[in-house]
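For reference, the structure discussed in these notes is given below.
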Amino acid sequence: MRRALFWFAVVIILVGFLWPIVWVYVTSLKSVADIFRPEKLVFSPTLYNYRYLVTVRPSIMEFRNALIITFASTALVMAVSLPAAYSFSRFNTGGGHLLFITISTRMFPGVVAALPFFFLFRNMGLLDTHIGLVLLYLYFNMSFATFLLYGFFREIPEELEHSAMVDGYSRLATFRKVIFPLIRPGAAVTTIFCLIWAWNEFFFAFLFTRRVARTVSVGLAVFWGSVEIQWGPMAAMMSLAILPTLAAAWFMQRFIIRGLTFGAVKG
Amino acid sequence: MSRVDAKNIWKIYAGGVLAVKEVSFHCEDGEFLAILGPSGCGKSSTLRMIAGLEDITKGELLFDGKLVNKLSPRERNIALAFETYALYAPLTIYENIAFPLEAGGMKRKQIDEKVKQIADMLDLTDVLNRKPSHLSGGQQQRVSLARALIREPNVFLLDEPLSHMDQRVRVLLRARIRRIHDELKATTIYVTHDQEEAVSLADRIIVMHLGEIQQTGTVDELWNHPKNIFVAGFLGEPAMNFLETKIEKPTQISLTTGEKKATFELRGKVDEKYVGCEAILGIRPERIVVLADKRDEQSAPSLVEVVEPLGETKIVTVKLDDVELKVVSLREVDTAVGKTIYLKFKPEDIHLFDKQTEKALLA
């Protein structure tokens with residue numbers, strides 16, 4: 001009886017999570033006529049919608065933009081956050097205030113920052129540019145990444161560094177040889193969170209880009225026109241857009257357990 | 001190996017927290033020196049300053065007469081074994097032990113030789129290929145010792161290396177640490193809060209409290225001539241008993257119990273000016289002589305409250321007026337609970353301290 005209940009719950013949850021994804025993939029393979037006949041379970045699949053993305057309304061640029069912006073912003077975030085978090089955790093830089101200010105940028109709604117940023121970016125000519133979005137994502141992800149990494153660094157006992165320094169390593173060599181191997185799972189988790197967030201981000205991409213730097217998430221919304229909703233091509237593009245995040249999630253699962261429980265370095 | 005001199009060293013942390021106050025001491029080449037004190041007494045700060053992990057706020061630190069205040073830990077060539085072992089989890093035991101040698105850029109073959117040699121000395125040969133997490137606490141500590149020893153450092157610093165072990169392993173490792181010290185003739189500074197460890201290991205002991213050195217000396221000096229109440233009370237288990245007393249003559253004190261007065265002779269003379277003053281009498285539990293009945297004036301009656309047998313001896317808690325005293329007596333002495341026994345303090349065992357300054361009054 002308990003087992004039955006357990007499996008019943010599992011099925012409900014799985015259906016809840018998977019159904020939308022299945023629906024998107026199924027829809028992307030349907031012809032225009034079949035899309036509005038959900039009762040028809042057996043249909044002849046077509047790649048028409050995917051061809052549409054290539055020929056009728058090219059979307060390749062949006063994918064390219066999203067990739068560039070996602071990876072560039074994440075690389076920058078890690079370049080800033082790793083040393084920042086390290087310094088917060090070891091030297092208590094800024095006496096705690098600086099860390100709080102860094103984290104607090106995530107506490108207000110993004111809309112609050114949108115307007116000042118918009119005017120700033122307009123004056124600096126950064127609207128609808130890759131660098132503009134990269135900077136924005138750097139701003140928003142940096143606080144989150146610093147906070148996460150700060151926690152990971154804190155879990156590494158300081159004695160390890162002291163020991164290595166006494167053993168004859170400089171602080172930099174100590175970081176490379178002792179701290180980095182231990183922070184790697186945490187850094188991987190943080191990186192992937194940043195990648196996923198940047199890839200999925202819609203609000204700022206929608207406000208700050210028009211054509212040149214438009215990303216996938218904004219591109220998806222374009223199918224929602226004033227005359228009709230192009231379900232087929234939209235589903236096709238969605239199918240492609242979620243692939244990287246699915247891959248990231250799959251890659252992350254082996255790290256996330258270690259990354260979130262790796263306080264056991266003391267032994 | 002080096003000689004270490006600390007001259008008037010201060011450590012004041014950001015925010016004005018005073019951790020170490022004007023500490024001066026020296027450690028001879030090859031000496032085993034223990035810094036003993038309760039937690040928060042500044043002993044670890046002192047050690048970390050010697051290691052170079054903390055800046056010295058004021059004062060001078062010399063290795064072999066050379067000022068090392070500004071040198072980094074690696075330049076000081078010291079070895080440090082931590083309370084928490086601080087092993088590198090992703091590396092094997094072999095790699096952990098070899099770590100300091102690799103920093104020095106030693107040849108692979110030479111490293112291999114040295115690692116094997118030190119592993120042999122510390123019984124680690126069987127576990128060289130394992131990861132630290134698969135080792136017991138005692139083994140991990142031995143690895144951390146091996147890593148510290150392999151470099152032939154100027155000074156060997158040990159920060160409570162045994163505090164995470166159970167009693168049996170602790171006694172075992174204690175003997176081993178002393179043996180290694182004797183074999184290598186290593187200048188060793190050992191920080192501990194455990195007086196038993198300090199007493200059993202060290203040539204000399206520095207007792208610290210509230211950031212200051214209370215007394216420096218050999219075990220005998222500390223034991224027989226404690227300079228103040230803190231040192232007297234910190235060394236010894238069970239701790240020294242303290243009683244209020246009155247100085248009658250320069251060579252005589254008295255205890256008032258109820259209406260009766262018991263007088264005790266002193267081993268030396270107190271300054272005339274203290275005559276008539278109150279003072280604190282200190283006496284070690286092992287040194288109190290228990291008499292079954294009142295034989296002379298120089299004994300105080302007390303009531304037996306608790307008896308803790310320890311095999312050949314027992315700890316008896318008695319009440320002398322309102323003051324609880326611990327007495328260590330032999331098994332066969334009759335100390336039934338509720339019985340009145342008479343305590344006799346021999347002149348050579350009596351310590352006397354000033355009530356205000358808590359300093360010793362007898363040399």
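Order of the sequence lines fixes the chain letters, A, B, ..., with proteins taken first and strands second; residue numbering starts at 1 for each chain.
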Give the C-alpha distance, both sets of side-chain angles, the deciding distance and a yes or no for side-chain contact (heavy atoms from CB on, under 4.5 Å) between A:Glu159 and B:Glu83.
CA-CA 9 Å; A:Glu159 279 100 3; B:Glu83 182 177 358; over 6 Å; no
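- The only member of B:Tyr85, B:Phe99, B:Phe82 that meets side-chain contact (heavy atoms from CB on, under 4.5 Å) when paired with A:Ser163 is B:Phe82.
- Using a 3.5 Å distance cut-off with no hydrogens or angles, the side chains of B:Ser72 and A:Arg171 do not pair a donor with an acceptor.
- Of the possible polar contacts, none joining the B:Tyr88 side chain to the A:Ile179 backbone as a donor-acceptor pair under 3.5 Å is found.
- Atom-to-atom distance recorded for B:Glu102:CD and A:Asp167:CG is 10.5 Å, nearest 0.5 angstrom.
- At a 4.5 Å heavy-atom cutoff, A:Ala173 makes no contact with chain B through either its backbone or its side chain.
- Enclosure of atom CZ in A:Phe63 by more than 12 non-hydrogen atoms of other residues, nucleotides or ligands within 6.0 angstrom is indicated.
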Start with the C-alpha gap between A:His162 and B:Leu80, add the side-chain angles, then the distance that decides, and say whether side-chain contact (heavy atoms from CB on, under 4.5 Å) holds.
CA-CA 9 Å; A:His162 291 159; B:Leu80 181 50; 5.6 Å; no
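- The contact between A:Val166 and chain B is made by backbone and side chain atoms together, counting heavy-atom distances below 4.5 Å.
- Between chain A and the options B:Pro73, B:Pro100, B:Ala51, heavy-atom pairs under 4.5 Å are most frequent for B:Pro100.
- At a 4.5 Å heavy-atom cutoff, the contact between B:Arg48 and chain A is made by side-chain atoms alone.
- When atom types are taken as modelled, the side chain of A:Tyr169 and the backbone of B:Ala103 share a donor-acceptor pair closer than 3.5 angstrom.
- Of the atoms belonging to B:Leu53, it is side-chain heavy atoms, and not backbone ones, that fall under 4.5 Å from chain A.
- For A:Leu18, the CG atom counts as densely surrounded, since its 6.0 Å shell holds more than 12 non-hydrogen atoms of other residues, nucleotides or ligands.
- Within the structure, no pair that satisfies the side-chain hydrogen bond (donor to acceptor under 3.5 Å, both in side chains) test touches residues 1-11 of chain A, not counting sequence neighbours.
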